[in-house]
*Asks:* 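Following this message is one structure expressed as structure tokens.
Please read all numbers here as calculations on a predicted model, not as lab measurements. Just follow the structure's listing: the first ligand is 1, and inside any ligand the first atom is 1.
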Amino acid sequence: MHESCGVFGVYSPNEDVARLTFFALFALQHRGQESAGIATSNGKQIRVYTGMGRVSNVFTEESLQRLTGHIAIGHNRYSTAGSSRAANAQPILVGNDGNTLGIAHNGNIVNATYLYEELAGLGYRFHGSTDSEVIANLILSCPEKSQIAKIQYAMRRLQGAYSMVIITPRELYAVRDPLGVRPLCLGTIDHGWVVASETCALDHIGATFVREVEPGEIVAINANGVTSYPGESSRRGLCIFEYIYFARLDSMINGKLLYIARQAMGAGLALEHPVDADLVIAVPDSATAAGTGYAQESGISVAEGLVKNRYVGRTFIEPDQRIRDLGVKLKFNPMRQMLDGERLVVVDDSIVRGTTTPSVVKILRKAGAKEIHMRICAPPIKYPCFFGVDMATRRELIASQKSVPEICEFIGADTLGYLSIEGLIKAVGLPREHFCLACFTGDYPIPVQLEMDKLALEAIGAGQPANVCDGNEK
Ligand code: SF4
């Protein structure tokens, strides 16, 4: 399961803003590795530099030195809407002299095709195939003079998830959709301001967390300081997977350290699904904290049983068939001496299609595990995500097709236990109404056409996300 992008913005007259953005993007690399980019402004002109691959592959000392100015935005991309190619790398720059803006976006716009057709009909030209370019042109298309009015116009028309940073020659804006599906936070740095998808980016560059950008809010940052334009909606829909999987362990969301939330998920699993076992191991890295929580609550010892090969990520080098057949072995190496003859509790963050878990069970059995009791932090995922998480179509989701005992048999475990929705909410420590739980419940916080799957999205939009806003409001 993948999320779609990390964003960062900085307004600081006394900093090398391109370099700060570069290091902040490093901290947000886990949110996307397909492309990276930075745009800067010196008060008159916006420059942008983007490329395919990870931050360290994209930028050189020379490219950073050319990105001068006191305002910058940056982006790490994982594509969910629009294919993985250079034209879709962000920040995206639109407009011309006197009316230029750059945008870096995290999320997914569900009515982007409709808006795309409207804007294309008005003569707006598109260079890539992302919903982010639709947002940028939508803002540009508003005849209002004030930038805030333009952004507010776009927000009234957009449906879906967007946490984004916008750069104009003189200003930086941070914008979050009315449900607050994706995180976005505000901080200070010396005499300037920063905005980031996650607090870990602030920590790494020596910035101080101030607060979250509220759902529906626009934060404008310029030479006069920070001005907030609050939103009106009281409904909330933060993606619960930020807590389970996406955000980094050392980030804080809504005042809660992710590590603590994940430990509590593991403890909840131990309470809901106790088992007689010798050793708790976690599938690294995202379930490591939950494994510790399970062990603490159950009193069973915890150890590392699988070592993750951290440098096998997305790559543009296609493996040959023999290497592809190795599958999960490329990613995880079991330590036989730790596992041989043991009755294991194996904690993982989620089961989506059910393609990886059977291989994990298999390699653990091959390494000598006597029993395998899978414990999963996310409740059964039965519905697809329309808000920027590259998950699966409904028919590919194993929990939409099989019961828990059937899944247990399919993955080859001795027992299988999922954390309940109530247990998950308790671990996160906020009321249920704060979250989007749609992939467990089917109760989408904005209207979507439930049966429209990702294949249909691609077919209809030729790379553009489809308009899935018709009916079925819940
Ligand atoms: S549907 Fe699931 S993955 Fe998508 S935003 Fe909601 S909780 Fe997150």
Side-chain angles (χ1 to χ4, degrees), residues 1-7 30-32 78-81 105-112 131 158-164 176-184 197-198 215-216 233 235-247 251 253-254 256 258 261-262 265 286 348-353 376-400 418-425 427-428 430-454 457 465-466 468-469 472-474:
M1 190 192 293
H2 294 276
E3 213 272 330
S4 57
C5 315
V7 301
H30 58 286
R31 297 186 74 88
Y78 181 92
S79 59
T80 52
H105 163 226
N106 174 203
N108 206 46
I109 303 301
V110 295
N111 62 337
D131 51 0
L158 293 168
Q159 295 210 20
Y162 51 90
S163 279
M164 56 190 178
R176 201 166 168 207
D177 66 73
L179 292 165
V181 178
R182 298 283 149 227
L184 196 63
S197 292
E198 290 181 38
S233 164
R235 189 150 188 210
R236 296 288 178 260
L238 175 63
C239 172
I240 196 82
F241 270 94
E242 292 289 346
Y243 285 90
I244 298 170
Y245 176 87
F246 298 138
S251 284
I253 302 179
N254 288 322
K256 188 121 189 176
L258 270 289
R262 286 177 195 163
M265 290 172 205
S286 51
D348 202 355
D349 53 69
S350 55
I351 299 177
V352 183
R353 293 175 174 85
I376 308 297
C377 295
I381 299 169
K382 297 181 178 169
Y383 302 90
C385 176
F386 293 93
F387 307 128
V389 177
D390 183 17
M391 198 181 258
T393 60
R394 187 163 180 202
R395 61 179 169 268
E396 289 171 323
L397 295 168
I398 190 165
S400 80
Y418 287 92
L419 188 61
S420 65
I421 293 178
E422 294 68 32
L424 178 60
I425 295 295
V428 167
L430 281 173
R432 184 181 174 127
E433 300 67 52
H434 276 62
F435 298 104
C436 174
L437 302 163
C439 46
F440 312 132
T441 63
D443 184 8
Y444 291 88
I446 56 169
V448 290
Q449 195 172 318
L450 297 181
E451 295 308 321
M452 182 169 280
D453 65 22
K454 203 164 285 172
L457 292 176
V468 288
C469 295
N472 289 321
E473 186 164 9
K474 290 208 168 197

*Asks:* Looking at side-chain heavy atoms only, is the closest gap between Val7 and Tyr162 below 4.5 Å?
*Replies:* no

*Asks:* Which heavy atom of Gly442 sits nearest to which heavy atom of Tyr383, and what is that distance?
*Replies:* N-CD1, 3.2 Å

*Asks:* List every atom of ligand 1 that sits less than 4.0 Å from any heavy atom of Phe387, numbering the atoms from 1 in the order shown and giving each element.
*Replies:*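 Those atoms are 5 (S).
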
*Asks:* Assess Cys239: does it contribute an N, O or S atom lying under 2.8 Å from atom 4 (Fe) of ligand 1?
*Replies:*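 No, outside the cut-off.
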
*Asks:* Show the nearest heavy-atom pair for residues Cys377 and Leu424, with the distance to one decimal.
*Replies:*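 Answer, listing the atom of Cys377 first, then Leu424: O-CD1, 4.2 Å.
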
*Asks:* Assess Cys439: does it contribute an N, O or S atom lying under 2.8 Å from atom 8 (Fe) of ligand 1?
*Replies:*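 Checking atom 8 (Fe) of ligand 1 against Cys439, no N, O or S atom falls under 2.8 Å.
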
*Asks:* Can you confirm whether Cys436 sits close enough to Tyr444 that some side-chain heavy atom of one is under 4.5 Å from a side-chain heavy atom of the other?
*Replies:* no

*Asks:* Given that the side chain starts at C-beta and the backbone is N, CA, C, O, which of these parts of Arg182 lies under 4.0 Å from ligand 1, counting heavy atoms, or is it both or neither?
*Replies:* side chain

*Asks:* List ligand 1 atoms under 4.0 Å from Phe241, heavy atoms only on the residue side.
*Replies:*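 Here the atoms of ligand 1 in question are 3 (S).
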
*Asks:* With the threshold set at 4.0 Å, does a side-chain nitrogen-carboxylate oxygen contact exist between Arg182 and Glu198?
*Replies:*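 No.
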
